Amino acid sequence: MHAHPDDESINNGATMAKYAAEGARVTLVTCTLGEEGEVIPSALAHLAPDRDDTLGPHRVAELARAMKELGVTDHRFLGGPGHYRDSGMMGVEQNERPGAFWSADVDEAAAHLVQVIREVRPQVLVTYDPNGGYGHPDHIQAHRVAMRAAGLTADPDFRPDLGAPWDIDKVYWNRVPRGVLLEGFGRLRRDLAEPGRLPFRQAASVTDVPGVVDDPIVTTEIDGTGFAAAKAAAMRAHATQIEVAEPYFALSNKLAQPFLATEYYELVRGRREGGIRESDLFEGIPGDSCEDRQTFGERQNGTAL
Ligand SMILES: CC(=O)N[C@H]1[C@@H](O[C@@H]2[C@H](O)[C@H](O)[C@@H](O)[C@H](O)[C@H]2O)O[C@H](CO)[C@@H](O)[C@@H]1O
Ligand SMILES: [Zn+2]
């Protein structure tokens, strides 16, 4: 469950591509069209919300291209395309705009998600932590809706019209271990010191990266090395939002940060074997076999995202 077109590729692009390639069913749900985003390419500046206000439909097309790069074929918008609008960054007046996702009724939004969950019947759900990774209102709301739906979907008395109850085996939050980031930012600062080596001039800070936690909190590490190229291509497909110069990328604020092909998670519901980090989101699921693997994610994320 992701908030905007681009979050899925940034947070879970390699994980999605890996599981899609392995034959797992990957379903991605996005909560908004990203209508309030900034626009990097000057030739597309007219799309902006305070100009033509056509950035939303443009980002729908960016998302479709990104999903092709990841091999994900099932992606949807919560309640249908444009049902919830991008709320803008925390504190802006768009937060209160009618139709903004931030002011949506959580139970109503969760019912839309329950309908998809009961259709897809996923073993795994991935969403954000309670702070939405970095405090963006749509990300916080996506967490709330996903966690609410993860509870409601299994309740036989909840909206039987939305399908038979379905209990999700494992729920994860997107995370990044602080140690990995400190290493990556160290390399980045060295590379930024070399004139002309990167198209970026400044580094973001560790706290700008969504979901940063102390290393022991991370329960699961998905090695997406073999899917780094797919992830980079998917991020490049979101050209209004992201500029990629591997092994780094920057958002419209032009602050560079490490590009991670290994992606990290915190298991918040479900069983984990022992104390070592999992290397598979489906680890420990009874009767799990590749062909019946289904993972579910908010706009985000397909395979399990
Ligand atoms: C990654 C993510 O969640 N992007 C959001 C975010 O975009 C940021 C926002 O425009 C901010 O003002 C910029 O400085 C930053 O570079 C952007 O990444 O918020 C947007 C508005 O809600 C959203 O459309 C975008 O997907
Ligand atoms: Zn976002």
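Not measured: the values here are computed from a predicted model. Start at 1 and go down the list; that is how both ligands and their atoms are numbered.
- Under a 4.0 Å criterion applied to the non-hydrogen atoms of Asp86, ligand 1 contributes the atoms 21 (C), 22 (O), 23 (C), 24 (O).
- Here the straight-line distance linking atom CG of Asn12 with atom CG of Leu260 works out to 11.5 Å at 0.5 Å rounding.
- Take the N/O/S atoms of His4: the one nearest the Zn ion (ligand 2) is ND1.
- For a threshold of 3.5 Å applied to N or O pairs, the pair formed by His136 and ligand 1 contains at least one separation below that value.
- Glu108 contributes atom CD, which lies 8.5 Å from atom CG of Leu78 (distance to the nearest 0.5 angstrom).
- Ring-centre distance between Tyr134 and His139: below the 6.0 Å cut-off.
- Looking at Tyr264 and Asp215, their side chains never bring a donor and an acceptor atom within 3.5 Å of each other.
- Applying the 4.0 Å criterion to heavy atoms of Ser252 picks out, from ligand 1, the atoms 13 (C), 15 (C), 16 (O), 17 (C).
- For the residue pair Asp138 / Tyr84, no side-chain donor-acceptor distance below 3.5 Å is found, with atom types taken as modelled.
- Checked options Ile242, Leu63, Thr240; the residue passing with Asp6 is Ile242 (criterion: side-chain contact (heavy atoms from CB on, under 4.5 Å)).
- Residues Glu263 and Asn11 form no side-chain contact, since every pair of their non-hydrogen atoms from C-beta on lies 4.5 Å or further apart.
- Note on ligand 1: Gln94 sits outside its first shell, no heavy atom being nearer than 4.0 Å.
- Of all protein heavy atoms, the one lying nearest to atom 12 (O) of ligand 1 is Glu38 OE2, 3.3 Å.
- A salt bridge is defined here as a Lys NZ or Arg NE, NH1 or NH2 lying under 4.0 Å from an Asp or Glu carboxylate O, and Glu35 with Arg59 fails to meet this definition.
- When hydrogens are left out, the protein atom nearest atom 6 (C) of ligand 1 is Tyr134 OH, 3.6 Å; that is the closest non-hydrogen contact.
- Between Lys170 and Glu278, at least one side-chain nitrogen of the basic residue sits less than 4.0 Å from a carboxylate oxygen of the acidic one, meeting the salt-bridge criterion.
- Below 4.0 Å from some heavy atom of Asn253 lie the following atoms of ligand 1, by number and element: 14 (O), 16 (O).
- Counting backbone and side-chain atoms alike, Asp7 contributes an N/O/S atom closer than 2.8 Å to the Zn ion (ligand 2).
- Here His139 has side-chain heavy atoms under 4.0 Å from ligand 1, and that is the only part of it that gets that close.
- Among all protein heavy atoms, the one lying closest to atom 8 (C) of ligand 1 is Met89 SD, 4.1 Å.
- Close contacts of ligand 1 with Asp7, meaning ligand atoms under 4.0 Å from a residue heavy atom, involve 1 (C), 2 (C), 3 (O).
- In this structure, the protein non-hydrogen atom closest to atom 26 (O) of ligand 1 is Arg59 NH2, 2.8 Å.
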